[in-house]
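Have a look at the structure below before the remarks.
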2 protein chains.
Amino acid sequence: MSGTAGMAMIASLLGEPARANMMAALMDGRALTAKELAYAAHVSAPTASGHLAQLTEAGLVSVERQGRHRYHRIAAPLIGQMVESIMAVASAAPDPRRLAWRGGEALRNARTCYDHLAGRLGVAIADALAARGDVRLAEDGGELTPSGQQSLGALGIVAAPRRGRVFCRPCLDWSERRPHLAGTVGSALACRCFELGWVTRQRDTRALAITEAGRTGFSEAFGVSLP
Amino acid sequence: MSGTAGMAMIASLLGEPARANMMAALMDGRALTAKELAYAAHVSAPTASGHLAQLTEAGLVSVERQGRHRYHRIAAPLIGQMVESIMAVASAAPDPRRLAWRGGEALRNARTCYDHLAGRLGVAIADALAARGDVRLAEDGGELTPSGQQSLGALGIVAAPRRGRVFCRPCLDWSERRPHLAGTVGSALACRCFELGWVTRQRDTRALAITEAGRTGFSEAFGVSLP
DNA sequence: AGAACGCTTCGGCGTCGGCCGAAATATCCG
DNA sequence: CGGATATTTCGGCCGACGCCGAAGCGTTCT
């Protein structure tokens, strides 16, 4: 088997709409049950089970048994980055159909990307942090400045470097086509926003709802105002 | 069409061994004819033509007519990065079959990756440059230091920042599992190595042969010695 | 224990898409 | 203008794979 055969195998797993839906649903970093994934992929439970077996065997998702539930999650950050890179290409592709979306507006506004904030909200926050010198984001890397540590610390965000995870990096937002904040810092920021009740998850979608508190909070903390 | 459908479409294109082979063959940044790609993919010319039409329509490859030849190349760096990220996952996947390779040894030793050097050679050079402080490579970005500019300049390498291209970044090597040098700097370095005759391309593969001059040159310039 | 629930396996159906050879176009060369 | 080469189109074959319902297995709840 040559290297390209491995590539084809991985890509073909993601090349099936049902499996692509599942991976996309897992991109927010949560662990989901087979049934939830079946629903997300619009297929029956048996079909989903078969797909999950394939994804698991290939090492793209890992499962964790808890009683009669089986929780599935993306197996490694590298996998998430791959999915993200494919989405970036897909959204940039000259396919006219991509313009017509079901529920795309909510997703474009605010959503999770693996475990950080994306969409207009994510990009706006990244812009705000960059503008005031709290982070420096290049196309290919980033860093959290001392002033940024202070600013985020004031919000109760402690981003400690972790082994095996990039600390601070840009992630190309597939809807906005501009970077938002990823890595440990992005994850900690998103996590804190959930804690503060600024954003809440919604059923069956990665779209996020910005709460009243969130509107106030994002405006005061970052000068960001979104619907 | 939701975002995931776009992902599935792109991924399914790469999920077919023939097309994956073609994309992999194009990963060295060269432009190849349909016939060459047919050979690389081990399919007949008609089959290759069909695949190329799909890849082109999806915007993954761009074609350039020159007389009776049609040169195909990867349409954008973003595409190359996507392919690279899939390869990285594929090579990390727990698939026992990946261990048995046809001609893998040569590829592992030295090859091109899009338009820069990869494999043991690429990683060793990146290590050497990093060790002497010529470049700084983080997991998520990199920079060329003044001393690096001088070192590379002495070899006749002028890496000028270019719009729309990352200047200096690490690229996860899918065989070594460690970063090699990419971006404008990596490209200029590879280009100069070809000019100096230190490495030569080989037919029908992305593997590179290190010449006698190359052995001397790499050893003197970077302290790197490879077969 | 019995029922409910989550998940997987099995069997069969249907379709999608890759593959090739032959023939049709297009382009270059002499 | 022929002949050679590169590439595409066409037609038909066939295997691979996704999909579902029904049934089987294991866990939890009452």
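Note that the structure is predicted; figures quoted are calculated from it, not measured. Any value given below was found using the heavy atoms of this structure, including those in side chains, with hydrogens, waters and symmetry copies removed. Protein chains get the first letters and strands the later ones, always in sequence-line order, with residue 1 at the start of each.
- Using a 4.5 Å cut-off on side-chain heavy atoms (C-beta onward), Leu226(A) and Asn109(A) make contact.
- Taking the ring axis of Phe194(B) as reference, the NZ or CZ atom of Arg201(B) stays within 45° of it and closer than 6.0 Å to the ring centre.
- For the pair Ala34(B) and Pro46(A), both in contact range of DNA chain D, the more 5′-proximal nearest nucleotide belongs to Ala34(B).
- Rounded to a whole Å, the CG atom of Leu37(A) is 13 Å from the C1' atom of dC7(C).
- Place Ala53(A) and His69(A) on DNA chain C by their nearest nucleotides, and His69(A) ends up nearer the 5' end.
- With rounding to whole Å, His42(B) atom NE2 is found 12 Å from dC20(C) atom P.
- Under 4.0 angstrom from either OP1 or OP2 of dC7(C) there lies no side-chain N or O belonging to Ser49(A).
- Using a 4.5 Å heavy-atom cutoff, the side chains of Leu14(A) and Met23(A) are in contact.
- A straight line from OH of Tyr39(B) to C1' of dT5(D) spans 19 Å, rounded to a whole angstrom.
- A 4.5 Å side-chain heavy-atom check between Glu16(A) and Met22(A) finds every atom pair outside the cut-off.
- Applying the 4.0 Å criterion to OP1 and OP2 of dT27(C), one finds that Arg65(B) has a side-chain N or O inside that range.
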Sort me out a list of protein N/O and nucleotides 13-17 of chain C N/O pairs below 3.5 Å, or just none if empty.
none

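- Between Ala24(A) and Met7(B), the shortest heavy-atom distance links the atoms CB-CE, 4.1 Å.
- Look at Ser44(A) and you won't find any side-chain N or O under 4.0 angstrom from OP1 or OP2 of dC19(D).
- Nucleotide dG18(D) holds its P atom 14 Å from the CG atom of Asn21(A), rounded to whole Å.
- Residue Arg70(B) contributes atom CZ, which lies 16 Å from atom P of dT25(C) at whole-angstrom precision.
- Within the 4.5 Å cutoff, no side-chain heavy atoms of Leu181(A) are placed close to those of Ile125(A).
- In this structure, the CG atom of Leu13(A) is 17 Å from the P atom of dA16(D), given to the nearest Å.
- An OP1 or OP2 oxygen of dC20(D) is reached within less than 4.0 angstrom by a side-chain nitrogen or oxygen of Thr47(A).
- As rounded to whole Å, 13 Å separates atom P of dG18(D) from atom CG of Leu52(A).
- Distances were taken from every side-chain heavy atom of Arg68(A) (C-beta onward) to each of dT9(C), dG6(C), dC19(C); the shortest belongs to dG6(C).
- In this structure, CD of Glu36(B) is placed 14 Å from C1' of dT7(D), rounded to the nearest angstrom.
- Between Ile210(A) and Phe218(A) the shortest side-chain heavy-atom distance falls below 4.5 Å.
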